[in-house]
Asks: 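Below you will find the structure I want to go over with you.
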Protein chains: 2
Amino acid sequence: MRPEYTPLSAAEGVEAALRVLEGRWKILILFHLFGERLMRFSDLERAIPTVSQKMLIQQLRKLEADGLVRRIVHPEVPPRVEYCLTDWGEKLRPALDALLLWGERKPEGEA
Amino acid sequence: MRPEYTPLSAAEGVEAALRVLEGRWKILILFHLFGERLMRFSDLERAIPTVSQKMLIQQLRKLEADGLVRRIVHPEVPPRVEYCLTDWGEKLRPALDALLLWGERKPEGEA
DNA sequence: CCGTATCCTTCGCGATACTG
DNA sequence: CAGTATCGCGAAGGATACGG
């Protein structure tokens with residue numbers, strides 16, 4: 001953290017980062033892509049059986065619009081579309097791991 | 001990240017962590033407390049002039065319920081209530097900094 | 001000074017049906 | 001296979017007024 005940060009500007013930066021992660025399925029999608037690197041739409045549907053097509057597409061499109069995920073369309077019949085992380089998307093992993101670690105260290109019983 | 005994580009379990013852990021951070025004013029409150037360590041309710045009101053009393057209280061109460069913030073009530077007239085971070089709340093800082101860093105490194109123009 | 005209580009609007013999400 | 005279109009609900013949050 002550089003010295004010129006105010007509470008306001010730092011909070012705005014973090015909120016901007018969190019905004020691209022908000023959404024019922026994005027984190028789960030990202031962790032699947034952390035593991036598989038390249039997945040078809042139908043792979044993701046099978047990996048996440050509880051999501052509807054509409055929501056899966058919607059979240060993927062937002063991730064793509066925000067530059068975390070790349071969408072690769074193969075001009076074939078039947079259609080084939082693959083998804084993978086961008087470089088920037090992969091760089092998110094340490095931050096999510098830090099969050100995961102922090103969450104696990106929660107002292108449940110304490111004040 | 002330990003080896004027994006599946007995409008599902010890792011995502012659930014991260015989502016649990018994110019859930020306590022979601023809320024229109026929580027991040028901003030946290031960064032003020034990162035800087036000041038001990039703030040009265042009225043200090044926070046002045047520091048965040050755009051928040052309503054209702055929302056400020058609500059977010060503070062949730063942060064308290066989730067164990068990030070401690071509420072200290074001084075039995076005086078007029079009432080005095082102070083807020084500070086718990087140990088666990090302070091430990092969140094590196095994770096938020098990582099997120100901030102990541103957000104700043106976004107390659108705006110790229111695919 | 002430090003809250004509570006209502007009312008109201010917005011928006012994310014799920015369910016469902018349809019298409020190139 | 002990989003989407004798009006429409007409907008409706010519930011929860012989050014803002015405005016406002018009141019209370020110990």
Side-chain angles (χ1 to χ4, degrees), chain A residues 8 11-12 14-30 32-33 36 38-66 68-85, chain B residues 8 11-12 14-30 32-33 36 38-66 68-85:
Chain A
L8 180 59
E12 282 173 350
V14 172
E15 282 164 5
L18 288 177
R19 213 166 300 129
V20 329
L21 301 179
E22 274 166 23
R24 179 72 182 81
W25 305 99
K26 287 183 187 170
I27 303 293
L28 189 49
I29 291 169
L30 290 173
H32 277 293
L33 291 176
E36 292 290 319
L38 193 68
M39 297 182 81
R40 297 183 57 161
F41 182 79
S42 47
D43 291 334
L44 283 163
E45 277 191 298
R46 252 174 287 105
I48 314 176
T50 45
V51 72
S52 70
Q53 279 193 334
K54 175 200 157 188
M55 285 308 298
L56 183 53
I57 291 272
Q58 185 186 102
Q59 304 288 293
L60 281 167
R61 287 285 157 87
K62 288 186 181 174
L63 288 171
E64 188 195 5
D66 285 323
L68 286 134
V69 159
R70 180 160 32 238
R71 181 167 174 267
I72 304 159
V73 182
H74 300 270
E76 307 170 357
V77 179
R80 181 161 56 104
V81 179
E82 294 173 316
Y83 294 90
C84 67
L85 294 170
Chain B
L8 181 59
E12 283 173 351
V14 172
E15 283 164 5
L18 289 177
R19 213 166 299 127
V20 329
L21 302 179
E22 274 165 21
R24 180 72 183 78
W25 304 99
K26 287 184 188 171
I27 303 293
L28 188 49
I29 292 169
L30 290 174
H32 277 294
L33 292 176
E36 292 290 320
L38 193 67
M39 296 182 81
R40 296 184 58 163
F41 183 78
S42 47
D43 291 334
L44 284 163
E45 277 192 297
R46 251 174 288 107
I48 313 176
T50 46
V51 72
S52 70
Q53 280 193 333
K54 176 201 157 187
M55 286 308 297
L56 182 54
I57 290 271
Q58 184 185 101
Q59 304 288 294
L60 282 167
R61 286 286 155 88
K62 287 185 182 176
L63 288 171
E64 189 196 4
D66 286 323
L68 285 132
V69 158
R70 180 158 34 240
R71 180 167 174 266
I72 303 159
V73 183
H74 300 271
E76 307 170 359
V77 178
R80 180 161 58 103
V81 179
E82 294 173 316
Y83 294 89
C84 67
L85 294 170

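Values below: every heavy atom of this structure, side chains too, minus hydrogens, waters and symmetry copies. Per chain, numbering begins at 1; letters A, B, ... match sequence-line order.
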Asks: Under 4.0 Å from OP1 or OP2 of D:dA12: is there any side-chain N or O of B:Trp25 that close?
Replies: no

Asks: From CD of A:Gln53 over to C1' of C:dC13, roughly how many Å is that when rounded to an integer?
Replies: 16 Å

Asks: What are the two closest heavy atoms between A:Leu8 and B:Leu28, and how far apart are they?
Replies: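 Smallest interatomic distance, heavy atoms only, reads CA-CD1, 3.8 Å.
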
Asks: Find the distance A:Leu60:CG to D:dT4:C1' and express it as a whole number of Å.
Replies: 15 Å

Asks: Are A:Tyr83 and D:dA2 close enough that a side-chain N or O sits under 4.0 Å from OP1 or OP2?
Replies: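 Checking A:Tyr83 against D:dA2: no side-chain N or O falls below 4.0 Å of OP1 or OP2.
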
Asks: Determine the contact category for B:Gln59: base if any of its heavy atoms lies under 4.0 Å from a base atom, sugar-phosphate if only primed atoms, P, OP1 or OP2 are that close, otherwise nothing.
Replies: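 Sugar-phosphate: the residue B:Gln59, judged by heavy atoms under 4.0 Å, touches backbone atoms but no base.
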
Asks: Look at the side-chain N and O atoms of B:Arg40 and state whether any lies under 4.0 Å from the OP1 or OP2 oxygen of C:dC2.
Replies: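 It does, given that an N or O in the side chain of B:Arg40 lies less than 4.0 Å from OP1 or OP2 of C:dC2.
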
Asks: From CG of A:Leu56 over to C1' of D:dC1, roughly how many Å is that when rounded to an integer?
Replies: 13 Å

Asks: Can you measure A:Gln58 atom CD to D:dA5 atom P for me and round it to whole angstrom units?
Replies: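 Between P of D:dA5 and CD of A:Gln58: 13 Å.
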
Asks: Considering only side-chain heavy atoms of A:Arg80, which listed nucleotide, D:dA2, D:dG20, C:dT4, is closest?
Replies: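 So the side chain of A:Arg80 is nearest to D:dA2.
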
Asks: In whole angstrom, give the distance that lies between atom CZ of B:Arg24 and atom C1' of C:dT10.
Replies: 14 Å

Asks: Could you tell me whether the side chain of B:Val69 reaches within less than 4.5 Å of the side chain of B:Leu85, counting heavy atoms only?
Replies: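 Heavy-atom side-chain distance check passes, below 4.5 Å.
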
Asks: Tell me whether the OP1 or OP2 atom of D:dA2 has a side-chain N or O from A:Ser42 closer than 4.0 Å.
Replies: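 Yes, A:Ser42 has a side-chain N/O under 4.0 Å of OP1/OP2 on D:dA2.
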
Asks: Output the rounded distance in Å from CE (A:Met55) to P (C:dA17).
Replies: 19 Å

Asks: Atom CG of A:Leu44 to atom P of D:dG3: distance rounded to whole Å?
Replies: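 Taking CG of A:Leu44 and P of D:dG3, I get 11 Å after rounding.
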
Asks: Side chain of B:Phe41 only, heavy atoms from C-beta on: which candidate in D:dG3, C:dC2, C:dG14 is closest?
Replies: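 Shortest atom-to-atom distance from the side chain points to C:dC2.
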
Asks: Say whether, by atom type as modelled, one donor and one acceptor occur between the side chain of B:Lys26 and the main chain of B:Gln59 under 3.5 angstrom.
Replies: no

Asks: Heavy-atom nearest nucleotide on DNA chain C for A:Val51 versus B:Glu82: which residue maps closer to 5'?
Replies: B:Glu82

Asks: Locate the shortest heavy-atom distance separating B:Ala47 from B:Met39; write the atom from each residue and the value.
Replies: CB-CE, 4.1 Å

Asks: Does the D:dG3 base have a donor-acceptor partner in the side chain of A:Lys54 within less than 3.5 Å?
Replies: no

Asks: If I compare all heavy atoms of A:Leu56 with all of A:Val51, which pair ends up nearest, and what's the gap?
Replies: N-CG2, 3.7 Å

Asks: Between D:dT4 and A:Arg61, is there an OP1 or OP2 to side-chain N/O distance shorter than 4.0 Å?
Replies: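 Result: yes.
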
Asks: Rounded off to whole Å, could you give me the CD1-to-C1' distance for the A:Ile48 and C:dC13 pair?
Replies: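 Computing the A:Ile48:CD1 to C:dC13:C1' distance gives 15 Å.
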
